[in-house]
Visitor: 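Would you mind keeping the following structure in view while I ask a few things?
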Amino acid sequence: MEAHTTQWRIEGMHCVDCARQIEAAVRRLVGVRQVKVQYLRRRAEVFGDATVAPATIAAAIEAAGYRATLIAPSSV
């Protein structure tokens with residue numbers, strides 16, 4: 001299956017534990033291979049199968065209590 005990477009701007013993180021909560025929430029999604037959340041930059045990078053819809057990733061982040069905005073590839 002083809003790998004896919006998405007970049008996210010995250011709002012609402014207040015500490016490193018917030019970043020860990022986001023990583024755990026997204027990592028549980030089927031098809032996600034790796035999640036890297038950078039607390040200081042307020043960014044997340046999600047590596048996974050191309051079948052993982054951005055809306056599904058955003059919903060997982062928002063269900064964890066944070067706001068997620070997909071960053072267009074050209075602005076990364």
Side-chain angles (χ1 to χ4, degrees):
M1 193 152 302
E2 186 178 328
H4 185 69
T5 303
T6 53
Q7 303 277 332
W8 299 86
R9 185 172 300 110
I10 308 294
E11 295 177 38
M13 285 194 291
H14 303 289
C15 62
V16 174
D17 285 334
C18 293
R20 289 185 189 130
Q21 287 177 344
I22 293 167
E23 287 177 348
V26 176
R27 195 175 291 122
R28 285 192 288 267
L29 298 173
V30 174
V32 170
R33 298 177 187 176
Q34 186 177 16
V35 182
K36 294 180 182 179
V37 177
Q38 298 174 347
Y39 162 67
L40 294 175
R41 292 188 66 218
R42 306 289 196 261
R43 300 285 175 102
E45 188 171 38
V46 180
F47 304 92
D49 300 337
T51 59
V52 182
T56 303
I57 296 168
I61 294 170
E62 291 176 7
Y66 306 92
R67 181 174 162 92
T69 305
L70 184 62
I71 300 171
S74 61
S75 65
V76 175

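If you read the sequence from its start, that first residue is 1, and numbering goes on from there.
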Visitor: Please check if Ile22 and Val32 belong to a single hydrophobic cluster, counting links between Ile, Leu, Val, Met, Phe, Trp and Tyr side chain heavy atoms closer than 4.5 Å.
Guide: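 Ile22 and Val32: one cluster.
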Visitor: Taking only residues two or more places apart in sequence, or in another chain, which ones meet Gln34 in a side chain to side chain donor-acceptor pair (under 3.5 Å)?
Guide: none
Visitor: Which pairs would a plain distance check flag for residues 60-69, meaning a side-chain donor or acceptor within less than 3.5 Å of a matching protein atom at least two apart in sequence or in another chain?
Guide:
residue: Tyr66; atom: OH; partner: Gln21; partner atom: OE1; Å: 2.6

Visitor: Give the minimum heavy-atom separation between Ala3 and Arg33, together with the two atoms involved.
Guide: CB-NH1, 3.5 Å
Visitor: Within 45 degrees of the ring normal and closer than 6.0 Å to the centroid, is that where the cationic atom of Arg41 sits relative to Tyr39?
Guide: no
Visitor: Under a 4.5 Å side-chain heavy-atom rule over Ile, Leu, Val, Met, Phe, Trp and Tyr, are Val30 and Ile57 clustered together?
Guide: no
Visitor: May I have the step-by-step check of side chain to side chain contact (heavy atoms under 4.5 Å, CB included) for Trp8 and Leu70, ending in yes or no?
Guide: CA-CA 5 Å; Trp8 299 86; Leu70 184 62; 3.7 Å; yes
Visitor: Just to verify, what does Arg28 make a side chain to side chain donor-acceptor pair (under 3.5 Å) with, not counting sequence neighbours?
Guide: none
Visitor: Met13, Val16: one ILVMFWY side-chain cluster at the under-4.5 Å cut-off?
Guide: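 In one cluster: yes.
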Visitor: Write out all pairs satisfying side-chain hydrogen bond (donor to acceptor under 3.5 Å, both in side chains) with one or both partners inside residues 10-20, taking only residues at least two apart or from two chains.
Guide: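 Passing the test, one end in residues 10-20: Asp17-Arg20.
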Visitor: Using 0.5 Å steps for rounding, measure from the NZ atom of Lys36 to the CD atom of Glu45.
Guide: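 The NZ atom of Lys36 sits 6.0 Å away from the CD atom of Glu45.
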Visitor: Would a single hydrophobic cluster contain both Leu29 and Val37, if residues Ile, Leu, Val, Met, Phe, Trp and Tyr are joined by side-chain heavy-atom contacts under 4.5 Å?
Guide: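 Val37 clusters together with Leu29.
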